[in-house]
Amino acid sequence: NASATQIRVTTQPVGAKTGSALSAQPSIEILDRFGNRATTDSSKQITVTATGGSLSGTTTVTVSEGVADFTDLAFVGTPGTDYELIFRGSGLSSELSSSFRVTHADANRMLWIDQPDSAIKTGDRVTPQLKLVDFKGNTATTANPSSISASVTGSNGTLVNTNGSITAGIITFSNLKLVGDPGTTY
């Protein structure tokens, strides 16, 4: 068996929700100059980094009989962006994985897109919009709560047509109307 000179990815990474463990964890093997697995090598350390985003977990693994399995890599990135992993080891040529993408994480809050004016008069119709976002501020396009409604704070105010619609993470109230006492802040 000749000495190892290169790395080959045998299991490509597969993305998941941003911030979560990769759906498929990568595996590599180290090869000699003839392309044969260096099965007698159980000492080389392989380190993985990402071309962007943020990679966490055990990013350095020692090969065993020429193979290294990564088991707990998690990745934070921007949905729709291609990322690759780069594998390196001392004395070995580096190897780039196939590209992968992440999706948004679960929605955990709402952000205003179009907020109602602060000078709404009783009877005015407003069409506010919000978006559901994950912990990184990515629009949660697949979030689909069964219902969404608006309410008013303050005394003696009432909202009419309080049910909103949700499409691709965007919440729209198309005919929201405030009924209340003139001059009262709600």
Rounded distance (nearest 0.5 Å) linking atom NZ of Lys44 with atom OG of Ser90: 5.5 Å
Cluster overlap Val9 with Val63, hydrophobic side-chain contacts below 4.5 Å: yes
Flag side-chain contact, heavy atom, 4.5 Å: Phe70 against Val48: yes
Stepwise side-chain hydrogen bond (donor to acceptor under 3.5 Å, both in side chains) check, Thr172 with Gln129: CA-CA 5 Å; Thr172 303; Gln129 279 191 323; 3.1 Å; yes
Contact check, side chains of Ile113 and Ile170, non-hydrogen atoms, under 4.5 Å: yes
Aromatic ring pairing Tyr83/Phe100, orientation class (parallel under 30°, perpendicular over 60°, tilted between): tilted
Euclidean distance, Thr18 OG1 relative to Lys136 NZ, rounded to 0.5 Å: 7.0 Å
Whether Gln6 side chain and Asp32 backbone form a donor-acceptor pair below 3.5 Å: yes
Shortest non-hydrogen separation from Phe34 to Ala2 and the atoms involved: CE1-CB, 4.2 Å
Donor-acceptor pair between Ser174 and Thr127 side chains, under 3.5 angstrom: no
Pairwise side-chain contact, Ile28 with Thr10, heavy-atom cut-off 4.5 Å (strictly under): no
Non-hydrogen side-chain atoms of Leu178 and Val126 separated by less than 4.5 Å: no
Check: Asn161 side chain, Leu176 main-chain N or O, donor-acceptor pair, under 3.5 Å: no
Side-chain heavy-atom pair Ile86, Thr51 within 4.5 angstrom cut-off: yes
Check: Asn163/Ser149 side-chain N/O donor and acceptor closer than 3.5 Å: no
salt_bridge(Arg101, Asp82) N-O dist < 4.0 Å: yes
Minimum heavy-atom distance Phe173-Leu130, with the two atoms named: CE1-CD1, 3.9 Å
Closest heavy-atom pair and its distance - Gly53, Phe75: CA-CZ, 3.7 Å
Leu31 and Ile7, any side-chain heavy atoms less than 4.5 Å apart: no
Note, Leu85 side chain near Pro26 side chain (heavy atom, < 4.5 Å): yes
Pairwise distance CZ(Arg33) to OG(Ser93) - rounded to 0.5 angstrom: 14.0 Å
Heavy-atom pair of closest approach, residues Gln25 and Leu73: OE1-N, 2.8 Å
Single-linkage hydrophobic cluster, 4.5 Å side-chain cutoff, Leu96 and Ile46 together: no
Donor-acceptor side-chain pairing of Thr139 and His104 below 3.5 angstrom: no
Any side-chain donor near an acceptor of the partner, Ser42 and Glu65, under 3.5 Å: no
Side-chain heavy atoms of Lys17 within contact of Thr103, under 4.5 Å: yes
Between Arg88 and Thr49: side-chain donor-acceptor atoms closer than 3.5 Å: yes
Ser43-Asp41 side chain donor-acceptor pair, cut-off 3.5 Å: yes
Whether Glu29 side chain and Ala68 backbone form a donor-acceptor pair below 3.5 Å: no
Distance, nearest 0.5 Å, that separates CD1 of Ile148 from CG of Leu132: 6.5 Å
Gap separating the OG atom of Ser165 from the CD1 atom of Ile171, nearest 0.5 angstrom: 9.0 Å
Spacing of Asp134 atom CG and Thr141 atom OG1 [to the nearest 0.5 Å]: 9.5 Å
Contact summary for Gly19 and Phe135, nearest pair of heavy atoms: CA-CZ, 4.1 Å
Arg109 atom CZ, over 12 foreign heavy atoms within 6.0 Å: yes
Pro13 versus Ser98, closest heavy-atom pair with distance: CG-O, 4.3 Å
